[in-house]
Asker: 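Here you go, one structure.
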Amino acid sequence: MGIILENTIPLGRRKEEYIAMFNIQQEELTYSILDCGGGPSSFNREMTKDKGNVVSIDIIYQFKDTEIQNRIDETFEDMMKQAQDNKDKFVWNHIASTTELRNLRKTAMTMFIEDYQSGLKEGRYIYAQLPTLPFRDNEFDLALCSHLMFLYSDILSYEFHFESISEMLRVASEIRIFPIVDLNCNQSAYVEDIMASFKAKGYEVTIEACGYEFQKGANKLMRIKKH
Ligand SMILES: C[S@@+](CC[C@H](N)C(=O)[O-])C[C@H]1O[C@@H](n2cnc3c(N)ncnc32)[C@H](O)[C@@H]1O
């Protein structure tokens with residue numbers, strides 16, 4: 001199953017961004033939360049510091065902190081240049097400028113790297129690869145997936161989405177996925193079929209607006225719940 005770190009582009013978001021994009025309510029901050037594809041986000045670290053209960057899984061967690069940091073250093077400037085070159089694809093509102101974007105992402109990833117060793121030891125960062133999760137049935141209240149599913153619909157198959165969502169629903173009572181658009185800012189071609197499939201299986205599936213929009217049109221999440 002090995003992946004090559006050189007094929008990944010690590011980019012991480014902050015806790016405040018997760019809260020906004022997933023419509024996380026104050027009382028939900030105490031839930032046991034699984035972050036799928038957590039990458040170099042600081043969500044786990046910031047939640048842990050605030051007495052939260054978060055486990056993150058990602059394929060990059062098989063690598064050492066120095067290896068992930070090197071990969072961040074190799075790719076960061078290019079990612080920022082791409083954001084600058086494609087400025088019209090983003091809403092410069094909450095994040096007002098490329099300077100702010102740079103600071104936000106750097107801060108998130110620095111916080112992640114500083115937390116990574118202790119998080120690995122404490123079992124808060126676990127190497128795993130969707131669509132398989134190394135957890136018991138219903139181990140979590142909530143499973144989140146930020147900027148992985150739907151966004152990369154051009155390279156990740158419908159089967160990958162279906163199996164990953166099924167697996168997230170096996171281990172958590174509720175799941176939330178953000179965004180539901182692809183990289184071209186169009187609603188993912190999988191959204192309708194995923195909704196129909198999981199409704200047919202008896203789940204409550206909703207799409208709801210959230211208070212976060214950076215990539216244009218990426219302002220809705222999908223919520224799937226057990227009845
Ligand atoms: C764009 S990053 C998003 C990181 C974080 N969720 C955030 O929003 O800041 C996508 C992450 O998904 C991870 N990933 C890709 N395929 C995966 C898979 N099959 N299973 C688990 N993680 C995966 C990548 O390694 C990367 O860290």
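All ligand and atom numbering here is 1-based and tracks the order in the structure.
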Asker: Please could you name the atoms of ligand 1 that Gly39 approaches to less than 4.0 Å, counting only its heavy atoms?
Answerer: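 Contacts of ligand 1 toward Gly39, numbered from 1: 27 (O).
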Asker: Hey, does Gln129 come in under 3.5 Å of ligand 1, counting only N/O atoms on both sides?
Answerer: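 The answer is no, given that Gln129 and ligand 1 share no N or O pair closer than 3.5 Å.
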Asker: With no hydrogens and no angle check, is any side-chain donor or acceptor of Tyr212 less than 3.5 Å from a backbone partner on Asn219?
Answerer: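 Not confirmed, Tyr212 side chain does not pair with Asn219 backbone.
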Asker: Between the side chains of Glu46 and Lys49, is the shortest nitrogen-to-carboxylate-oxygen separation below 4.0 Å, so that they form an ion pair?
Answerer: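 Glu46 and Lys49: not salt-bridged.
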Asker: Hey, is ligand 1 close enough to Gly37 that some N/O pair sits below 3.5 Å?
Answerer: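 It does: an N or O of Gly37 is found under 3.5 Å from an N or O of ligand 1.
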Asker: Under 3.5 Å between any N/O of Arg13 and any N/O of ligand 1: does that happen in this structure?
Answerer: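 Between Arg13 and ligand 1 (N or O atoms, distance only) the closest approach is under 3.5 Å.
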Asker: What I want to find out is whether Lys226 reaches Glu174 closely enough, with some N-O distance under 4.0 Å, to be called a salt bridge.
Answerer: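 No.
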Asker: Taking side chain to side chain contact (heavy atoms under 4.5 Å, CB included) as the criterion, tell me which of Ile33, Val55, Asn53 meets it with Phe140.
Answerer: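 Among Ile33, Val55, Asn53, the one that satisfies the side chain to side chain contact (heavy atoms under 4.5 Å, CB included) with Phe140 is Val55.
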Asker: Examine the proximity of ligand 1 to Leu130 and report which part, side chain or backbone, both or neither, has a heavy atom under 4.0 Å away.
Answerer: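 Both of them.
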Asker: Taking Gly39's backbone N and O only, do any of them form a donor-acceptor pair with Tyr61's side chain (distance below 3.5 Å, no angle check)?
Answerer: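 A pair under 3.5 Å: yes.
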Asker: Taking all atoms of both residues into account, what is the closest heavy-atom pair of Gly37 and Leu148, and its distance?
Answerer: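 Closest heavy-atom pair between Gly37 and Leu148: CA-CD2, 4.3 Å.
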Asker: Set out, in order, the CA-CA distance, both residues' side-chain angles and the distance that settles ring pair (Phe, Tyr, Trp, His ring centres under 6.0 Å) for Phe214 and His94, then state yes or no.
Answerer: CA-CA 8 Å; Phe214 181 49; His94 178 67; 9.2 Å; no
Asker: Sequence neighbours excluded, which residues qualify as side chain to side chain contact (heavy atoms under 4.5 Å, CB included) partners of Ile19?
Answerer: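 Expected list: Lys15, Ile24, Leu29.
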Asker: With atoms numbered from 1 as shown, which atoms in ligand 1 lie under 4.0 angstrom from a non-hydrogen atom of Ser41?
Answerer: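 Reading through ligand 1 atom by atom, the close ones are 9 (O).
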Asker: Can you tell which part of Leu11 has a heavy atom less than 4.0 Å from ligand 1: side chain, backbone, both or neither?
Answerer: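 Only the backbone of Leu11 comes within reach of ligand 1.
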Asker: With heavy atoms of Gly12 as the reference, note each atom of ligand 1 found under 4.0 Å away.
Answerer: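 It comes down to these atoms of ligand 1: 9 (O).
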Asker: Going by heavy atoms, is Pro10 under 4.0 Å from ligand 1?
Answerer: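 Pro10: no contact with ligand 1 (<4.0 Å).
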Asker: Going by heavy atoms, is Ser164 under 4.0 Å from ligand 1?
Answerer: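 It does not; every heavy atom stays at 4.0 Å or beyond.
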Asker: Check the hydrophobic clustering (I, L, V, M, F, W, Y; side-chain heavy atoms under 4.5 Å; chains of links allowed) and say if Tyr116 and Ile126 are grouped together.
Answerer: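 The answer is no; the residues belong to distinct hydrophobic clusters.
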Asker: Below 4.0 angstrom from a heavy atom of Ile60, which ligand 1 atoms are there? Numbered from 1 as shown, please.
Answerer: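 Taking each heavy atom of Ile60 in turn, ligand 1 has 25 (O) under 4.0 Å.
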Asker: What atoms of ligand 1 come closer than 4.0 angstrom to any heavy atom of His147?
Answerer: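 Taking each heavy atom of His147 in turn, ligand 1 has 1 (C), 2 (S), 3 (C), 8 (O), 10 (C) under 4.0 Å.
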Asker: When you group the ILVMFWY residues by side-chain heavy-atom contacts below 4.5 Å and let the links chain together, are Leu183 and Leu11 in the same group?
Answerer: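 As far as the 4.5 Å side-chain criterion goes, Leu183 and Leu11 are not connected within one cluster.
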Asker: Please confirm whether Phe160 comes under 4.0 Å of ligand 1, counting heavy atoms of the residue only.
Answerer: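 Heavy atoms of Phe160 do come under 4.0 Å of ligand 1.
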Asker: Between Asp58 and ligand 1, does any nitrogen or oxygen pair lie at a separation below 3.5 Å?
Answerer: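 In this structure, Asp58 places an N or O atom under 3.5 Å from an N or O of ligand 1.
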Asker: Would you check whether Ser146 has a nitrogen or oxygen atom less than 3.5 angstrom from a nitrogen or oxygen atom of ligand 1?
Answerer: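 Right, the criterion is met.
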Asker: Under 4.0 Å from a heavy atom of Ala128: give me the atoms of ligand 1 that qualify, with their elements.
Answerer: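 Selected atoms, number and element: 21 (C).
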